[in-house]
Amino acid sequence: MTISVRTKLTLLYVFVLAASLIAFSFIFSYSLSRTFTKRIDGQITSIADMMAHMVIKPSGQLFLPRDFEIVLERFFGIRTGDNYIQVLDPDGAVAARSSNLETLNLPLSRQAHEAALSGQSTYEIIRNIGRYPVRVVTKPIMFKDIGLVAIVQVGFSLEGIEEIFHSLFYIFGMGIIISVVIASVFGYLIAARALKPVKEITAMAKSIGAENLNQRIAVSAAQDEIGELASTINEMIGRLEKSFRQIKQFTADASHELKTPLTVLKGEMEVALRARDDKARFRQTIESSLEEIDRMSYIVRNLLDLARMDAEKGAIPKELVNIDEVLKERCEQLMRQALDKGISLSIIKSMPAVVCGDYVRIGQLISNLIDNAIKYSEAGGRVEVSIEAAGESAVIKVSDAGIGISEEDIAHVFDRFYRADKARSSDDNGVGGAGLGLSICREIVESYNGTIDVKSTRGSGAIFTVRLPLAS
């Protein structure tokens with residue numbers, strides 16, 4: 001059985017209230033009982049002291065006035081109507097008692113008798129006398145040379161106190177029951193009102209799907225926990241919307257990029273089938289087909305790299321990598337490509353720098369940046385590369401004097417399948433730029449908690465700067 005949060009909150013509220021009221025009732029009753037007991041003990045102790053002075057002669061002999069109750073009332077102003085008084089000899093036998101005891105005896109317990117023999121007073125509650133319990137003090141009367149001469153017992157009926165506590169029990173019991181019932185009703189209503197925004201948020205969240213991710217939950221003006229929850233859900237929906245949009249765009253762009261070489265390949269094959277006994281035409285078709293296959297292989301390879309990096313986020317193997325050595329190696333590999341295009345490729349600064357990363361990924365990052373600079377530089381241009389340690393970061397810079405990037409395109413150069421110049425779709429080697437190289441660079445850099453940015457203006461080249469945390 002599932003219990004709603006509304007019911008749980010109400011039950012918790014009622015439980016806390018009931019426990020608090022019960023605890024208060026117990027503490028109040030206990031304190032009141034202690035106060036009454038203290039006052040009664042003082043009263044009966046005072047009477048017992050007066051009796052001790054009245055029933056003992058200076059010689060130490062026991063003397064019992066015939067009407068000691070009248071003496072107490074006339075000379076000491078003590079009414080014995082509410083008090084039971086009993087005088088015992090050292091052996092515990094009754095020597096005298098007040099008239100209100102009639103044929104009853106105040107029992108002398110074994111513990112009280114032993115305490116009296118040792119000269120100590122005891123206080124007890126006796127419940128077998130009459131309808132109500134009696135608070136009794138047992139006081140020994142000691143004489144220096146003789147020892148225990150007599151025992152005085154004074155009792156006070158707890159009838160009035162019992163009635164008070166019975167009334168309190170009834171009042172507290174009914175009060176707690178009524179309070180719990182009222183608290184249950186109001187608690188349930190208050191919980192419903194407090195959880196109403198949550199119910200609305202739940203209904204709204206259920207209605208949002210992949211087809212309407214542009215919707216948002218209304219956020220209350222009050223910056224409370226509910227408002228914070230709604231804002232957090234809206235942020236999550238925003239991230240989902242962005243991810244879905246990127247996935248759709250990625251799928252559309254990937255389909256388009258793969259469709260183009262397939263269309264060209266199919267067309268050339270159809271033309272080759274119609275050309276009979278034309279070896280030159282066959283050779284040209286095969287060469288063109290190989291170029292398109294290379295282009296598709298390049299796109300598929302980059303797509304697989306991006307998919308692999310998306311899956312490996314947070315779990316990419318990291319090792320110590322000397323970036324200056326990787327930079328030198330990649331420049332040597334791309335030197336032939338630069339020379340074929342008539343571009344000067346050089347390392348202008350190389351400082352030792354070690355980062356935690358993956359050797360292959362770091363090499364791919366540098367290769368893509370240099371390849372991008374060569375691809376978009378004109379013959380006679382220069383591509384300069386540098387690596388240095390600055391503070392806690394390794395800084396890699398790749399600059400060219402090519403056609404540059406316009407201001408409106410800079411914000412999108414790292415997006416997948418984005419090309420600032422749609423006309424620049426193929427290089428001299430026949431492998432087209434699919435707009436994935438810089439996206440791969442950004443994924444690699446961000447996986448190592450680094451940053452990548454570009455500074456450029458149209459017609460004046462570009463400078464790509466990568467910052468990676470140095471290995472500690």
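Judged by distance alone, the side chain of Ser46 and the main-chain N or O of Gln43 form no donor-acceptor pair under 3.5 Å. Listed for the Asn322 side chain is no donor-acceptor partner under 3.5 Å among the backbone atoms of Glu325. At least one donor-acceptor pair under 3.5 Å links the side chain of His113 to the backbone N or O of Pro90. No donor-acceptor distance shorter than 3.5 angstrom exists from the side chain of Gln120 to the backbone of Ala115, with no hydrogens or angles considered.
A donor atom on one side chain and an acceptor atom on the other are not found under 3.5 Å apart for Thr7 and Thr10. A donor-acceptor contact closer than 3.5 angstrom is absent between the side chains of Tyr123 and Thr37.
Ser393 and Arg467 make their closest contact through CB-CB, 4.4 Å (heavy atoms, listed as atom of the first residue, atom of the second, distance).
You'll find the side chain of Leu468 reaches within 4.5 Å of the side chain of Ile362, heavy atoms only. Annotation: side chain of Val355 is not in contact with side chain of Tyr448 (no heavy-atom distance under 4.5 Å).
Residues meeting the salt bridge (Lys or Arg N to Asp or Glu O under 4.0 Å) test with Arg110, sequence neighbours left out: Glu114. Partners of Ala390 according to the side-chain contact (heavy atoms from CB on, under 4.5 Å) rule, which considers only residues two or more places apart in sequence or in another chain, are Val395. Qualifying ring pair (Phe, Tyr, Trp, His ring centres under 6.0 Å) partners for Tyr13, counting only residues two or more places apart in sequence or in other chains: none. When the side-chain contact (heavy atoms from CB on, under 4.5 Å) test is applied to Glu124, the partners found at least two apart in sequence or on another chain are Ser109, Ala112, Thr138.
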Walk me through it: do Val466 and Thr451 pass the test side-chain contact (heavy atoms from CB on, under 4.5 Å)?
-> CA-CA 6 Å; Val466 175; Thr451 61; over 6 Å; no
Under the side-chain contact (heavy atoms from CB on, under 4.5 Å) rule, what do Val137 and Asp41 come out as? Steps first, then yes or no, please.
-> CA-CA 7 Å; Val137 59; Asp41 288 349; over 6 Å; no
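Here Asp324 does not pair with Lys328 in a salt bridge; the nearest charged N to carboxylate O distance is not below 4.0 Å. We find that Asp409 and Arg458 are not joined by a salt bridge, their nearest charged nitrogen and carboxylate oxygen being 4.0 Å or further apart.
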Would you give me the side-chain donor-acceptor pairs under 3.5 Å for residues 22-31, sequence neighbours excluded?
residue : atom : partner : partner atom : Å
Ser25   : OG   : Leu21   : O            : 2.8
Ser29   : OG   : Ser25   : O            : 2.8
Tyr30   : OH   : Arg34   : NH1          : 3.0
Ser31   : OG   : Ile27   : O            : 2.9

Below 3.5 Å, can you tabulate the donor-acceptor pairs from side chains in residues 177-187 to any protein atom, sequence neighbours excluded?
residue : atom : partner : partner atom : Å
Ser179  : OG   : Gly175  : O            : 2.7
Ser184  : OG   : Val180  : O            : 2.7

